[in-house]
Amino acid sequence: MNSFYPARRDFLQLLGGTAGAAWLTAQWPAVVSAAQHAHDAAQAKQPTSFEVLTPDQARELDAITACIIPTNETPGAREAGVVFFIDRALKTFASEDLPRYRAGLDAIQKFTADSFPGVPSFSAASAEQQQKILTELYAELDLHKGVPRRGIPSGTADFLQTLHFHTVFGFLVDPEGGGNRDFVGWKLIGRESAHSFSPPFGFYDKDYPGWQPVPGETEKK
Amino acid sequence: MSQATVTYKPSDEVDFVIIGSGAAGGVLAKELSTNGFRVVVLEQGAYLMEKDFTHDETKVFAQSLLTNKIKLHPTTFRKTPQDTAKKQQCVLYGSCVGGSSVHFTANFWRLHEIDFKEHSKVGDIPGANFADWPITYSDLEPYYTKVEWEIGVSGLAGASPFDPPRSKPYPMPPLPVKGSGVLFERATRKLGYHPFPAPMAILSQPRPGRSACTNCGFCLGFGCEVGAKSTALSTVIRMAEKTGRCEIRPNCYVHRIETDKNGRAIGAVYFDAQRNTHLQKAKAVILSANGAETPRLLLLSASNQFPAGLANSSGYVGKNLMPNSNALAFGVFDEPINDYKGFAVSRIMHDFYELDPKLGLYGGGGLDARFDFTPVTLALNGLPPGTPKWGAGFKQTLAHDFTRTLEIFCHGTSLPVESNSFSLDPDVKDAWGLPALRMTFRDHPNDLKMMEWMKDRAMEILDAAGASTKWHAPIQEQQFAVHLLGTCRMGNDPKTSVINTDHRTHDVKNLFLCDGSSLVTSGRGQPTMTIQALAYRASDRITALAKRSEISA
């Protein structure tokens, strides 16, 4: 059982399972200002500078998140503005995660340098090297039991899990939440952005003839 | 904010103070204020309205906009009474006016006749603390009907051969079928089962001030922005406020029921948003705080006179927790289902409601076809096992599967086990310094066995439906409860129950409990309908007692 696939009561367990713990960093009193901030940021559409992240941190996060959801024939994390979403999250409701980000980015830099001597940072690594590094780190996440494997700095799995969550949110959240710019995430997965829909909704219900009782059974009352 | 037409001072001795504004508290507030009583409802959470609801998951999930704030109200978990509990989120409940009904799926099943008298039929079950209800289905039937008509439930009477008798049809037709429903209906009929349109507390036709469902797709977990979901907020709370006799007071964290030297409740003590303490005085107190917080509040109200907690002479407060058992199977289909559109569930079946005794399983369950993922939750939690966790493969599967996935959700019985419980944690405190809620839980082995069986049926249905990929979640012991049932059970014997059939506690004459904690058995899932029917019935009983001066005397 890995942390990405906990048995669920239903999807609400996401809130309370191992996965949610990394993400549930909100402080209730901060909610109102965070919400307003996210709203303003969404209105501003394309923030052009970072409020929390340093340029170096932003560059590294851009490189990592662009591996998690790559840009290929379709847009990825970069086009969705995931790093801007993360910056905003760290400024507001996920501010408690900032130390974890700082430590995690340092750890990944160290792991990169240890794995590939002479390569100063993840963003400076070749695409092939980046794939190798993330493969190692995600394997650590799958196996994560609190005891890091040799060579992988402690805390890396916690950071990667948080970053993975933030990346997915930043790519797929309703844009009101400050990510998924221009609905690029929703366009990729085929979710229309309208606020209301009418049946038929898809392929299988389009020729539904209407409810028919089973032959031989009559509706009671 | 509230459209309150009346406000009371804490020092005003109102007729009833109700703790909790959810499925049960909302109904009691509406009924008792309509019957002429002065009512204050104290709600832990905020007073949010349709305009405050959003599809933004950073607010709804990451910041628990509608639900219990675990940082402020931590919980602890252990499997058995011999273990030391560890800090872990183990319950989820609504924390806003309307309670859990604001974010729920809105599946609205009645219990069946068997649920009330199953102990008599099958006898004792080893390891279970199994009992009949002191009331029957026919006692509750008029109230089920009242719920359906007052709040608005969509459905088709007579469509299931397994339905219990009903005195009236549903007030409105079923919601439209979804792709998941069509696939489920065809597959289950092929296998000889009897699928039918799901009864849902979501409007298929508009009502004054409320829209019919617009199929926006953000339903389970979210508040409804058009009032189509028949929540306590969109229905009974508004009716209660219109009487001019009921005040809904949000952001009030009740932490003690105060009693006098005669052992009578005199009111509820709460922290307001600024953490100032108040005592709302009342002639009678009703706890509808849910199956976790109602027993916790009784235990927090221990005194010299009630050393084991209020209304706990039986020792049953907090015991016999039943969260319902469940199993999940998933299928991916070749063509787009687009099941993200609309409410969650359009077809269910009850063929397994009462299982053949030859199977050696107790209880039973219902199956539904649904899609209750958002884009974010599918990406985090709904892709097939073996999907790459990141990179191009992750992205490709996500892009393909989001519109083509459905779930078959198996809901079932939880047997009551005495040690499965809510209690006060001896070490961990909440943000106010009060003992945290502790959950002790281990599924009865029967329930896990039954879910294994149910899951196998769900996988067969996916096969019959033509799924190109199918898988299921592992059946394992639960450590997280959403249905909070049975923890202050109803009964005739004060030694083995907490409340009587009037919902009055056996020990304190002017203290009543009505919510999921009142249930004696867990049904087969989907408890909200029964909680509301009980609340309507309790309102009648309490009104009759009050009119005969049997509460304050």
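Throughout, protein chains are lettered first and strands after them, A, B, ... in sequence-line order, and every chain is numbered starting at 1. All figures in this text were calculated on a predicted structure; none of them were measured in a lab.
B:Thr403 approaches A:Gly190 most closely through the heavy-atom pair CG2-O, 3.6 Å. The two residues B:Pro195 and A:Trp211 come nearest to each other via the heavy atoms O-CH2, 3.1 Å. A pairwise comparison of heavy atoms in B:Ala379 and A:Leu172 identifies CB-CD1, 3.6 Å as the closest pair. Heavy-atom minimum distance, B:Lys389 versus A:His164: O-CE1, 3.1 Å. The heavy-atom pair separating A:Leu188 from B:Ala399 by the smallest distance is O-CB, 3.6 Å.
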request  = Check the pair B:Thr58 / A:Phe169 against side-chain contact (heavy atoms from CB on, under 4.5 Å), numbers first and verdict last.
outcome  = CA-CA 8 Å; B:Thr58 65; A:Phe169 265 81; 4.1 Å; yes
request  = Would you please test A:Ile189 and B:Tyr340 for side-chain contact (heavy atoms from CB on, under 4.5 Å) and show each step?
outcome  = CA-CA 11 Å; A:Ile189 63 173; B:Tyr340 69 85; over 6 Å; no
query = Given the rule in the salt bridge (charged side-chain N to carboxylate O under 4.0 Å, His left out) test, do A:Glu96 and B:Lys71 qualify, once you have shown the distances and angles that lead to the verdict?
reply = CA-CA 12 Å; A:Glu96 285 189 359; B:Lys71 288 212 136 195; 2.7 Å; yes
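Heavy atoms of B:Leu183 lying under 4.5 Å from chain A belong exclusively to its side chain. With a 4.5 angstrom heavy-atom cutoff, B:Arg404 does not touch chain A via any of its atoms.
A:Tyr204 and B:Phe333 have perpendicular rings, their planes meeting at more than 60° on a 0 to 90° scale where under 30° would count as parallel.
Of the listed residues B:Asp339, B:Val177, B:Asp401, the one with more heavy-atom pairs under 4.5 angstrom with chain A than any other is B:Val177. Counting heavy-atom pairs closer than 4.5 Å to chain A, the top-ranked of the candidates B:Thr214, B:Leu378, B:Asp334 is B:Thr214. Per-residue heavy-atom pair counts under 4.5 Å with chain A were compared for B:Ser180, B:Pro197, B:Gly217, B:Ala327, and the maximum is reached by B:Pro197. Your options are A:Asn180, A:Thr167, A:Val173, and the one with the most heavy-atom pairs under 4.5 Å with chain B is A:Val173.
Within a 6.0 Å sphere centred on CD of B:Gln396, heavy atoms belonging to other residues, nucleotides or ligands number 12 at most.
Distance check, rounded to the nearest 0.5 Å: NZ of B:Lys341 to OG of A:Ser196 gives 10.0 Å. Rounded to the nearest 0.5 Å, atoms CD (A:Gln212) and CD (B:Glu185) are 8.5 Å apart. Distance check, rounded to the nearest 0.5 Å: CZ of A:Phe197 to SG of B:Cys213 gives 11.5 Å.
The pair A:Asp205-B:Arg186 does not count as a salt bridge, with every side-chain nitrogen at least 4.0 angstrom from each carboxylate oxygen.
Contact of the A:Gln131 side chain with the B:Trp390 side chain is registered, since non-hydrogen atoms from C-beta on lie closer than 4.5 Å. Contact of the B:Ile337 side chain with the A:Phe203 side chain is not registered, since no non-hydrogen atoms from C-beta on lie closer than 4.5 Å. With contacts defined as side-chain heavy-atom distances shorter than 4.5 Å, the pair A:Asp174/B:Thr54 does not qualify.
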Tabulate below the donor-acceptor pairs under 3.5 Å that side-chain atoms of residues 68-77 of chain A make, not counting sequence neighbours, or state none.
residue: A:Thr71; atom: OG1; partner: A:Glu79; partner atom: OE1; Å: 2.8
residue: A:Thr71; atom: OG1; partner: A:Glu79; partner atom: OE2; Å: 3.2
residue: A:Asn72; atom: OD1; partner: A:Thr74; partner atom: N; Å: 3.4
residue: A:Asn72; atom: OD1; partner: A:Thr74; partner atom: OG1; Å: 3.3
residue: A:Asn72; atom: OD1; partner: B:Lys395; partner atom: NZ; Å: 2.7
residue: A:Thr74; atom: OG1; partner: B:Lys395; partner atom: NZ; Å: 2.9

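Residues that satisfy the ring-ring contact (aromatic ring centres under 6.0 Å, His included) test with A:Tyr208, not counting sequence neighbours, are absent from this structure.
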